[in-house]
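Taking it in order: structure first as structure tokens, then the write-up.
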Amino acid sequence: MSSPRFTTLLLDLDGTLLDVEMRSFLEAFFPLAAAHFGEPGEARRIARAMGDAARAMMEARDGARTVDLVFLDTFAAAVGCTPAEARARFAAFYRGEFERMRRFVRPLPGARSFVDDALARGCELVLATNPVFFLEPILARVRWAGLADVPFALVTGAELMFWTKPHAGYFRQILAMTGRRPEQCLMVGDDPKMDMAAKESGIATWLAVGEGSAAREAPLADRRGTLAELADWLRVA
């Protein structure tokens with residue numbers, strides 16, 4: 001793949017712009033959130049319901065509802081409240097205890113300089129994070145990444161998106177919302193499956209890797225390298 005003049009960069013968040021140990025993050029996240037929906041003795045059942053609702057989001061294929069509604073309908077039925085009540089309780093959690101999750105993340109070295117370089121060259125930036133989280137916790141993680149002031153043209157929160165990664169509908173919706181053609185876009189992410197699936201929608205792909213990281217099989221990646229290497233590659237165009 002040569003280096004064309006992309007107008008729009010689709011940037012993953014976790015593992016691409018934000019350094020996060022996702023297993024530890026989720027192990028802490030579920031009991032904190034579960035406390036808003038029941039007694040401590042019910043935490044395991046509630047966490048399991050959250051996991052089931054998240055899987056329902058990932059499996060949604062018909063594009064009939066935004067994935068936040070898929071999550072809330074599935075979860076609320078399992079814990080005995082209405083979807084509106086569930087949304088309000090999650091909102092309270094994200095405004096409060098969710099800030100404690102910051103200890104599991106840190107800004108990814110090189111991410112800020114890459115973003116600044118892309119903006120200086122006139123690129124449009126889309127935060128193409130998997131929309132299994134609502135917008136508020138996504139924006140919190142953007143802030144923790146030191147990127148709160150970045151003028152993203154679109155942030156793919158659950159309230160907006162009708163599909164999650166790696167479904168083609170997710171990437172087609174981004175194209176529709178930005179008015180871009182596939183050949184104008186480059187998807188940058190660290191997940192060989194979730195992010196590189198953009199290739200199947202005609203979008204060029206770059207597998208973001210850390211310095212000295214082990215090679216991973218990624219048949220849908222057009223190219224791979226660090227964010228600094230990507231910046232150099234794009235600068236040639």
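Numbers here simply count residues along the sequence, with the first being 1. Values in this document were obtained by computation on a predicted structure and should not be read as measured data.
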Spacing of [atom1] belonging to [X] relative to [atom2] belonging to [Y], to within rounding of 0.5 Å:
{"X": "E124", "Y": "C185", "atom1": "CD", "atom2": "SG", "value": "7.5 Å"}
{"X": "R87", "Y": "T82", "atom1": "CZ", "atom2": "OG1", "value": "10.5 Å"}
{"X": "Q184", "Y": "C123", "atom1": "CD", "atom2": "SG", "value": "11.5 Å"}
{"X": "E27", "Y": "L32", "atom1": "CD", "atom2": "CG", "value": "12.5 Å"}
{"X": "L17", "Y": "D19", "atom1": "CG", "atom2": "CG", "value": "11.5 Å"}
{"X": "L175", "Y": "E183", "atom1": "CG", "atom2": "CD", "value": "9.0 Å"}

Would you call [X] and [Y] a side-chain contact if the rule is heavy atoms closer than 4.5 Å?
{"X": "V79", "Y": "E42", "answer": "no"}
{"X": "I203", "Y": "L10", "answer": "yes"}
{"X": "V67", "Y": "W163", "answer": "no"}
{"X": "F75", "Y": "I46", "answer": "yes"}
{"X": "M161", "Y": "I174", "answer": "yes"}
{"X": "L230", "Y": "L234", "answer": "yes"}
{"X": "P219", "Y": "E217", "answer": "yes"}
{"X": "D117", "Y": "R235", "answer": "yes"}

Distance-only donor-acceptor pairs under 3.5 Å for side chains of residues 49-59, two or more places apart:
from: D52; atom 1: OD1; to: R55; atom 2: NH2; distance (Å): 2.4

Kindly work out whether a path of hydrophobic side-chain contacts (I/L/V/M/F/W/Y, heavy atoms less than 4.5 Å apart) joins [X] to [Y].
{"X": "L11", "Y": "M22", "value": "yes"}
{"X": "L220", "Y": "L207", "value": "yes"}
{"X": "L160", "Y": "I138", "value": "no"}
{"X": "V70", "Y": "F134", "value": "no"}
{"X": "L139", "Y": "W144", "value": "yes"}

Should the ring pair F90 and F37 be called parallel, tilted or perpendicular, given that the plane angle runs from 0 to 90° and is split at 30 and 60?
tilted
Would you call the rings of F29 and F98 parallel, tilted or perpendicular, where under 30° means parallel and over 60° means perpendicular?
perpendicular
Using a strict 4.0 Å threshold on nitrogen-to-oxygen distance, state whether R143 and E99 make a salt bridge.
yes
Looking only at heavy atoms, which two atoms of [X] and [Y] are closest? And how far apart?
{"X": "T205", "Y": "A221", "answer": "OG1-CA, 3.3 Å"}
{"X": "P83", "Y": "A76", "answer": "N-CB, 3.6 Å"}
{"X": "L108", "Y": "L18", "answer": "CB-N, 4.0 Å"}
{"X": "R45", "Y": "A78", "answer": "NH1-O, 3.3 Å"}
{"X": "A145", "Y": "P107", "answer": "O-CB, 3.6 Å"}
{"X": "P166", "Y": "F171", "answer": "O-CE1, 4.1 Å"}

Residue list, salt bridge (Lys or Arg N to Asp or Glu O under 4.0 Å) with D149, at least two apart or on another chain:
R112
For R89, enumerate each residue passing the salt bridge (Lys or Arg N to Asp or Glu O under 4.0 Å) test, keeping only those at least two apart in sequence or located in another chain.
none
Atom pairs and distances, donor-acceptor, side-chain atoms in residues 188-197, under 3.5 Å, two or more places apart:
from: D190; atom 1: OD1; to: T16; atom 2: OG1; distance (Å): 3.1
from: D191; atom 1: OD1; to: K193; atom 2: N; distance (Å): 2.8
from: D191; atom 1: OD1; to: M194; atom 2: N; distance (Å): 2.8
from: D195; atom 1: OD1; to: K165; atom 2: NZ; distance (Å): 2.6
from: D195; atom 1: OD2; to: D190; atom 2: N; distance (Å): 3.1
from: D195; atom 1: OD2; to: D191; atom 2: N; distance (Å): 3.0

Could you tell me which residues satisfy side chain to side chain donor-acceptor pair (under 3.5 Å) with R48, sequence neighbours excluded, listed by chain and number?
none
Hey, mind stepping through V126 and M177 against side chain to side chain contact (heavy atoms under 4.5 Å, CB included) and telling me if it holds?
CA-CA 10 Å; V126 171; M177 294 179 78; over 6 Å; no
Does the Lys NZ or Arg CZ of R141 fall within the cation-pi geometry relative to F133 - under 6.0 Å from the ring centre and within 45° of the axis?
yes
Any side-chain donor paired with an acceptor under 3.5 Å for E229 and W206?
no
For a quick check under 3.5 Å, do R180 and T8 share a side-chain donor-acceptor pair by atom type?
yes
Above 12 or not: heavy atoms from other molecules or residues under 6.0 Å from CZ of R121?
yes
Is the number of heavy atoms from other residues, nucleotides or ligands under 6.0 Å of R103 CZ greater than 12?
yes
Does D62 reach the main-chain N or O of A64 with its side chain, forming a donor-acceptor pair under 3.5 Å?
yes
Could you give the side-chain donor-acceptor pairs of residues 151-159 under 3.5 Å, partners two or more places apart or in another chain?
from: T156; atom 1: OG1; to: L127; atom 2: O; distance (Å): 3.3
from: T156; atom 1: OG1; to: T129; atom 2: N; distance (Å): 3.3
from: T156; atom 1: OG1; to: T129; atom 2: O; distance (Å): 2.6
from: T156; atom 1: OG1; to: Y170; atom 2: OH; distance (Å): 2.9
from: E159; atom 1: OE1; to: L135; atom 2: N; distance (Å): 2.9
from: E159; atom 1: OE2; to: L135; atom 2: N; distance (Å): 3.2

